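Read the structure below first, then the notes.
Small disclaimer: the values here were computed from a predicted structure and weren't measured. A, B, ... follow the sequence lines: proteins, then strands. Residue 1 opens every chain.
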2 protein chains.
Amino acid sequence: MSIPEYWPAPASSGAARAQRPSRRSGQRRAEILRAATAVFGERGYANGSLNEIAERVGMTHAGVLHHFGSKEQLLIAVLEYRDDADVAELEGHHAPRGAALLDHLVETAQNNAERRGIVQGYTALLGESVTEEHPARQFFTDRYTGLRDMVTSAIADATGRSADDPLVSSAASVVIATMDGLQTQWLLDPSSVDMREAVRLTVEALVARLRQA
Amino acid sequence: MSIPEYWPAPASSGAARAQRPSRRSGQRRAEILRAATAVFGERGYANGSLNEIAERVGMTHAGVLHHFGSKEQLLIAVLEYRDDADVAELEGHHAPRGAALLDHLVETAQNNAERRGIVQGYTALLGESVTEEHPARQFFTDRYTGLRDMVTSAIADATGRSADDPLVSSAASVVIATMDGLQTQWLLDPSSVDMREAVRLTVEALVARLRQA
DNA sequence: CCTACCGATCGGTAGG
DNA sequence: CCTACCGATCGGTAGG
């Protein structure tokens with residue numbers, strides 16, 4: 001499973017340069033991950049090739065495979081890389097856990113309208129992931145389980161209902177579904193939809209509905 | 001653009017058998033369309049091969065290409081075929097145009113829970129369609145424009161608001177987005193979501209919200 | 001990291 | 001509709 005490292009050490013690897021191969025290798029991996037994120041986002045996973053990824057970082061596809069072992073492992077790394085970035089951003093600004101999470105989601109919808117590449121990558125891979133034996137399937141399944149839990153407790157918090165209330169978990173699924181579905185519509189036709197307003201309306205309507213009765 | 005027909009006429013093509021080649025060809029095309037729908041649904045378009053489609057109807061991939069010209073044209077035919085089926089079903093049961101459409105969508109969500117293959121095919125192709133230069137892109141763009149119009153007028157009807165009200169068109173986008181997004185969550189984990197209840201809640205909450213103020 | 005290669009598979013065409 | 005073929009491309013491996 002591990003990736004052997006048998007290429008020659010850099011000629012200038014004495015004490016003069018503090019950069020060990022592992023440091024450079026880490027940078028190179030990050031470059032590949034960025035390129036792979038872009039290519040899978042533009043073309044999808046099935047249609048994105050290692051060759052195109054490799055060209056964008058100035059190496060051959062064999063070089064990419066050296067770093068990541070297989071196309072599938074590269075995809076997994078891309079997904080985790082994206083996840084890390086999301087988490088970092090969440091924690092950087094604030095890590096809202098209660099009702100404030102709902103406002104944060106409205107903000108996210110707005111911000112996403114200026115990150116087309118990222119939205120497209122997410123939507124394309126998510127869509128592909130429901131196909132048979134797709135390597136991203138487990139990743140997204142787990143991710144949505146976690147997302148639903150977070151949003152469920154946020155809605156419980158905002159409405160004073162129990163997180164076990166079926167209406168609450170339904171509402172959580174709906175909020176997430178709305179964000180995903182709006183992204184698809186927006187990607188197909190950006191002028192057709194105001195993602196921020198639509199998410200805001202959804203959250204408002206659901207919370208109001210769950211507050212009564 | 002047209003597909004030439006130069007294969008030999010059936011040996012038994014006299015007056016005894018009323019089946020002209022065009023009739024048989026039409027049946028064969030329908031078989032291919034069904035197989036292609038299944039394969040693209042299971043594997044996606046990029047990952048689904050003409051060879052697998054051909055095998056399922058007992059011919060070679062060249063035979064499939066004879067009938068449809070190219071893989072891309074086959075995809076377009078599949079999408080139109082699916083669309084025709086949807087329309088036929090809509091008109092068969094009832095063609096609800098006003099507020100009744102909203103109830104019909106709740107029913108559709110319920111019915112979809114027993115048509116996993118169809119839902120998966122739709123979700124996978126829709127997700128792929130947002131990638132660069134994807135052949136299904138125009139199809140889905142047009143489809144969503146039409147869907148939004150229908151649902152917008154249904155919501156206007158149900159709430160007494162104008163179809164030009166931005167809240168109404170936002171709500172329409174949300175209803176459609178919800179259905180799509182829920183399907184994805186359900187495909188990833190069928191036990192995680194009650195599609196019917198979630199759509200019902202969404203419609204109810206949005207209509208209630210738009211009825212006030 | 002590259003070169004050089006592999007087998008497999010792809011969509012499409014020619015030609016009947 | 002098939003056989004037979006094409007060039008292109010794919011992911012992956014060997015070996016340094």
So which nucleotide from dC2(D), dG11(D), dG12(D) ends up closest to the side chain of Thr60(B)? dC2(D)

Indicate whether any N or O donor in one side chain lies under 3.5 Å from an N or O acceptor in the other, for Gln138(B) and Asp142(B). yes

Rounded interatomic separation in angstrom, taking CD from Gln27(B) and C1' from dC1(D): 15 Å

Could you measure the distance from the CG atom of Leu101(A) to the CE atom of Met150(A)? Nearest 0.5 Å is fine. 5.0 Å

In whole Å, I'd like the distance from the CZ atom of Phe68(A) to the C1' atom of dC1(C). 14 Å

Between Ser70(A) (side chain) and Gln73(A) (backbone), is there a donor-acceptor pair under 3.5 Å? yes

Which of dG11(C), dG12(D), dC1(C) is nearest the side chain of Leu50(B)? It is dG11(C)

Using OP1 and OP2 only, check whether a side-chain N or O of His67(B) sits under 4.0 Å from dC1(D). yes

Taking the nucleotide of DNA chain D with the nearest heavy atom to each, does Ala62(A) or Asn51(A) sit closer to the 5' end? Asn51(A)

Ile32(A) CD1 - dC1(C) C1' separation (whole Å): 10 Å

d(CD1, Ile53(A); C1', dC10(D)) in whole Å: 12 Å

Nearest-neighbour nucleotide for the Ser49(B) side chain, dC2(D), dC10(C), dC1(C) considered: dC10(C)

Measure the distance from NE2 on His66(A) to P on dG11(D) and round it to the nearest whole Å. 18 Å

Nucleotide nearest His61(A) when distance is taken to its side chain, options dC1(C), dG11(D), dC2(D): dG11(D)

Compute whether any side-chain donor of one residue and acceptor of the other, for Glu132(A) and Gln120(B), lie under 3.5 angstrom apart. yes

Whether Glu197(B) side chain and Ser170(A) backbone form a donor-acceptor pair below 3.5 Å: no

Which residues pass the side chain to side chain contact (heavy atoms under 4.5 Å, CB included) test with Ser153(A), not counting sequence neighbours? none

Looking only at side chains, do Thr178(A) and Thr178(B) share a donor and an acceptor under 3.5 Å apart? yes

Nucleotide nearest Ser70(A) when distance is taken to its side chain, options dC1(D), dC1(C), dG12(D): dG12(D)

Can you tell me which stems involve DNA chain C, if a stem is defined as three or more consecutive Watson-Crick or G-U wobble pairs, both distances under 3.5 Å? C:1-16 with D:1-16

Below 4.0 angstrom, which residues in residues 123-134 of chain A have at least one non-hydrogen atom near DNA chain D? none

Whole-Å gap separating C1' (dG11(D)) and CG (Leu75(A)): 14 Å

Mark yes or no: Arg29(B) above the aromatic ring of Phe68(B), with NZ or CZ under 6.0 Å from the six-membered ring centre and no more than 45 degrees from the axis. yes

Of the listed nucleotides dT13(D), dG12(C), dC1(D), the one nearest the side chain of Lys71(B): dG12(C)

Rounded distance (Å) that lies between atom C1' of dG11(C) and atom CD of Glu52(B): 15 Å

Figure out the CG/P separation between Leu65(A) and dG12(D), and round it to whole Å. 6 Å

Say whether, by atom type as modelled, one donor and one acceptor occur between the side chain of Lys71(A) and the main chain of Leu65(A) under 3.5 angstrom. no

Do the side-chain N and O atoms of Asp180(B) and Tyr144(B) include a donor-acceptor pair separated by under 3.5 angstrom? yes

